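Remarks on the structure that follows.
Computed from a predicted structure; not experimentally measured. In what follows, residues are counted from 1 in the order of the sequence shown.
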Amino acid sequence: MKLTERSEASARDMTMSLDTYRDWHKAIITDNLEFTTNLLAGLHPADKEKHLNGCFVYSDSETRRVLERNFGRAVEVQCYRPLGLAVVFGSRNVLRVMLEHGADPTRRETNQDTILHMIISVASSYDNTECGLTEMLVYLMSLLTKQQQKWLLFSENALGLRPLEEAARTGCMRILRTIFQTPGVYLTKEISSGMLHYQWYDVTEYELVSGSSRRGKSPLAFITYMTSEASEKSDTKELLSWKPFQHWYNLKMACNMPALVVWSTYRLMLSLIVMAMMTDNSILAKLGGVPQDEVLLYPNASFYYCAGYTIVSFSPTETFLVAIIIAICGLLGMAIDIGELLFVLVSHRPEFEWLQLRRGNLAISFWFSRGVHFLFLLSSAIATIRISENHPLGVDTISDVGRLVFVISAFSSLFLFLELIPEIGFYILSIKRMLKDLFYFFLLYMVCVSPFVLYFMVFVNTNSKQGCIDHFYSYSQSFYTTFLVMLNLRDLTKYRVQNAVVLYATHMIFVFVVAILLVNFLIATMSESGFRISKKKEVLIRIERLHALFTVDTWFGWISKKYQYYILRKVARVENGRVYILNVEKIDL
């Protein structure tokens with residue numbers, strides 16, 4: 001018999017049908033100590049091995065029935081090992097007896113989850129179970145040896161994540177905190193001296209820049225990526241207020257703040273230089289005036305000579321060199337942005353699940369900052385290339401739209417840095433959170449307004465007593481006029497039309513439906529969003545700052561490797577090449 005065939009046969013020998021082993025299954029989930037003790041004591045070694053380390057086999061309908069009966073609803077949780085069932089259902093007595101009889105806690109589930117990954121999976125699926133499962137986790141770890149604890153805590157699941165990282169990814173903050181406090185693993189040393197208690201937490205793999213580093217899977221990174229539901233948990237606020245995590249946050253801030261300041265300064269100066277070049281009139285001044293053909297082609301070309309229009313003047317050589325530098329920076333930045341987005345879309349890594357707009361707490365911030373940054377770089381590169389040709393930007397639709405995109409994206413792309421400023425950051429954060437509400441309102445507004453736009457355009461032009469009316473000449477012009485009517489900036493009574501009563505009645509309906517109902521609905525929706533945001537203000541501000549820090553860390557961490565190690569030695573405790581967070585607590589008497 002081949003090796004693979006023997007392995008498959010051995011695996012089949014360890015399976016337990018629910019019909020045959022129903023009593024054993026029921027004893028595990030009901031914590032029947034007497035039945036378990038008597039059963040295991042009378043089994044042959046081979047049968048005992050199967051009962052302890054085997055795998056229950058039952059249909060999906062049976063799985064659903066078991067979960068619904070005990071948790072109220074069923075989700076996709078794979079828990080077929082006896083030891084895992086005992087932990088999930090809180091069967092402490094059965095768990096202890098099984099371990100005493102030789103149950104192997106390192107056995108994996110069919111989806112490659114360890115018993116700790118499975119605990120986290122259940123806790124993230126059933127919010128009301130996390131507290132109880134955390135207590136079972138502590139109890140389980142107390143029954144295991146240090147070697148078994150380390151194996152479980154350093155083992156990866158199918159996504160390549162350890163339990164600490166998986167807990168952060170799924171928003172199980174209570175379990176994350178418990179795992180991080182495991183003595184001898186992450187909490188490597190504790191010393192009491194006088195009235196103070198010192199704790200050393202090992203974060204080497206998440207802070208050092210090296211080939212074996214897990215910086216991209218840092219719990220802080222996953223906390224940044226948490227879902228909106230997870231950010232509203234009380235456990236999240238408690239974790240972010242917990243002193244060891246505050247120290248870790250401050251460490252990350254110290255390592256990346258200089259790069260963040262340099263990057264923000266570069267972005268601000270780039271914006272100002274490009275804006276100065278857009279208003280530079282030195283080239284036309286050297287020509288002795290606006291060429292006659294351009295005066296005929298662009299009636300407003302003389303605008304470049306308006307007094308006070310600009311106080312900046314570049315020579316042609318300076319204009320060309322600066323434009324080339326900015327264009328190169330813009331194109332290089334776009335290449336980085338495109339590369340990052342392609343990596344996010346193609347890699348399917350678990351930490352990027354938060355980018356789904358319906359789930360991610362920072363999805364809007366991510367896409368907003370990346371989008372406006374890309375538009376800014378694209379528009380600045382195009383604008384500076386055209387300016388370097390020693391001609392002003394044309395007075396045409398494309399140029400005007402380009403100017404608008406550049407100015408808006410230039411200032412909007414600075415939001416990522418302005419959010420770090422106390423007080424101001426919260427208002428920017430609130431505005432970005434409300435963009436989703438504004439987008440949905442815009443869709444509803446377009447649906448409700450479009451029929452009125454079309455009706456006003458047709459009615460006014462077919463019933464006009466004064467010929468063609470420019471304000472309703474086309475659908476786009478009619479849309480803008482209708483918008484002004486909603487704001488009470490356009491008076492429909494000034495138009496001389498037949499059947500004016502019909503126009504006035506339509507106007508009243510439009511005002512009630514759009515100007516009153518929809519606008520007040522928008523105000524109420526945004527007020528509710530503002531209230532929800534203010535309730536978790538501290539958490540969101542901390543998460544937004546982490547987002548900015550990890551953005552800089554991803555882009556420039558490999559460049560500032562030596563500097564970051566220098567800061568680590570200054571801010572954290574570095575001993576024998578290991579990085580520790582030193583936490584000091586007062587001892588309560």
Side-chain angles (χ1 to χ4, degrees), residues 278 290 293-304 306 368 371-372 374-376 378-379 382-383 386 391-412 434-523 525-526:
M278 290 178 65
V290 181
D293 57 343
E294 291 192 13
V295 171
L296 297 176
L297 184 61
Y298 306 129
N300 293 325
S302 58
F303 173 67
Y304 286 90
C306 291
F368 179 85
V372 296
F374 181 80
L375 288 175
F376 164 72
L378 178 63
S379 58
I382 294 175
R386 294 186 64 181
H391 290 288
L393 291 178
V395 184
D396 53 66
T397 303
I398 296 178
S399 297
D400 289 336
V401 172
R403 292 188 187 97
L404 176 64
V405 171
F406 170 77
V407 173
I408 293 178
S409 62
F411 283 98
S412 300
M434 293 178 184
L435 287 177
K436 186 166 68 173
D437 295 332
L438 194 61
F439 173 74
Y440 290 137
F441 170 79
F442 177 75
L443 295 180
L444 182 60
Y445 175 82
M446 293 295 294
V447 171
C448 295
V449 170
S450 295
F452 289 99
V453 172
L454 180 62
Y455 180 80
F456 284 145
M457 181 180 69
V458 175
F459 179 89
V460 171
N461 284 286
T462 55
N463 290 276
S464 174
K465 295 180 179 180
Q466 59 188 72
C468 294
I469 300 177
D470 293 338
H471 293 157
F472 295 93
Y473 181 75
S474 64
Y475 188 86
S476 58
Q477 185 63 42
S478 177
F479 188 92
Y480 180 65
T481 302
T482 305
F483 178 73
L484 295 178
V485 170
M486 184 191 74
L487 300 178
N488 202 25
L489 298 177
R490 183 76 70 192
D491 185 8
L492 292 180
T493 60
K494 74 175 187 177
Y495 303 116
R496 293 184 291 109
V497 295
Q498 302 179 53
N499 301 319
V501 175
V502 177
L503 177 63
Y504 301 155
T506 307
H507 183 201
M508 291 177 61
I509 297 173
F510 171 75
V511 169
F512 277 111
V513 172
V514 178
I516 296 179
L517 184 62
L518 282 185
V519 172
N520 281 280
F521 176 73
L522 174 64
I523 294 173
T525 302
M526 298 187 78

Separation of [Y] [atom2] from [X] [atom1] (nearest 0.5 Å):
| X | Y | atom1 | atom2 | answer |
| --- | --- | --- | --- | --- |
| F479 | S474 | CZ | OG | 12.0 Å |
| I523 | D437 | CD1 | CG | 13.0 Å |
| L443 | C448 | CG | SG | 11.0 Å |

Heavy-atom count around Y480 OH within 6.0 Å, excluding the residue itself: above 12?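 12 or below, so no.
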Side-chain heavy-atom pair [X], [Y] within 4.5 angstrom cut-off:
| X | Y | result |
| --- | --- | --- |
| V485 | H507 | yes |
| F456 | L503 | yes |
| F483 | V453 | no |
| F510 | T482 | yes |
| N520 | I516 | yes |
| F452 | I509 | yes |
| Y475 | L454 | yes |

Partner set under side chain to side chain contact (heavy atoms under 4.5 Å, CB included) for A505, not counting sequence neighbours: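 Testing A505 for side chain to side chain contact (heavy atoms under 4.5 Å, CB included), a comparison that skips the adjacent residues, returns none.
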What residues, two or more places apart in sequence or in another chain, satisfy side chain to side chain contact (heavy atoms under 4.5 Å, CB included) together with F442?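 Counting only residues at least two positions away or on another chain, F442 forms a side chain to side chain contact (heavy atoms under 4.5 Å, CB included) with M446.
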Tell me which pairs pass side-chain hydrogen bond (donor to acceptor under 3.5 Å, both in side chains) where either residue lies in residues 485-498, with sequence neighbours left out.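 Of all non-adjacent pairs touching residues 485-498, those that pass side-chain hydrogen bond (donor to acceptor under 3.5 Å, both in side chains) are H471-Y495, D491-T493.
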If the condition is ring-ring contact (aromatic ring centres under 6.0 Å, His included), which residues does Y455 pass it with, not counting sequence neighbours?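 Applying ring-ring contact (aromatic ring centres under 6.0 Å, His included) to Y455 gives F459.
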Just to verify, what does T462 make a side-chain hydrogen bond (donor to acceptor under 3.5 Å, both in side chains) with, not counting sequence neighbours?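 So T462 forms no side-chain hydrogen bond (donor to acceptor under 3.5 Å, both in side chains) with any residue.
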By side-chain hydrogen bond (donor to acceptor under 3.5 Å, both in side chains), which residues pair with N461, not counting sequence neighbours?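 With sequence neighbours excluded, N461 shows a side-chain hydrogen bond (donor to acceptor under 3.5 Å, both in side chains) to no residue whatsoever.
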For L492 against F472, the heavy-atom pair lying closest together: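 Shortest heavy-atom separation between L492 and F472 comes out as CD2-CZ, 4.0 Å.
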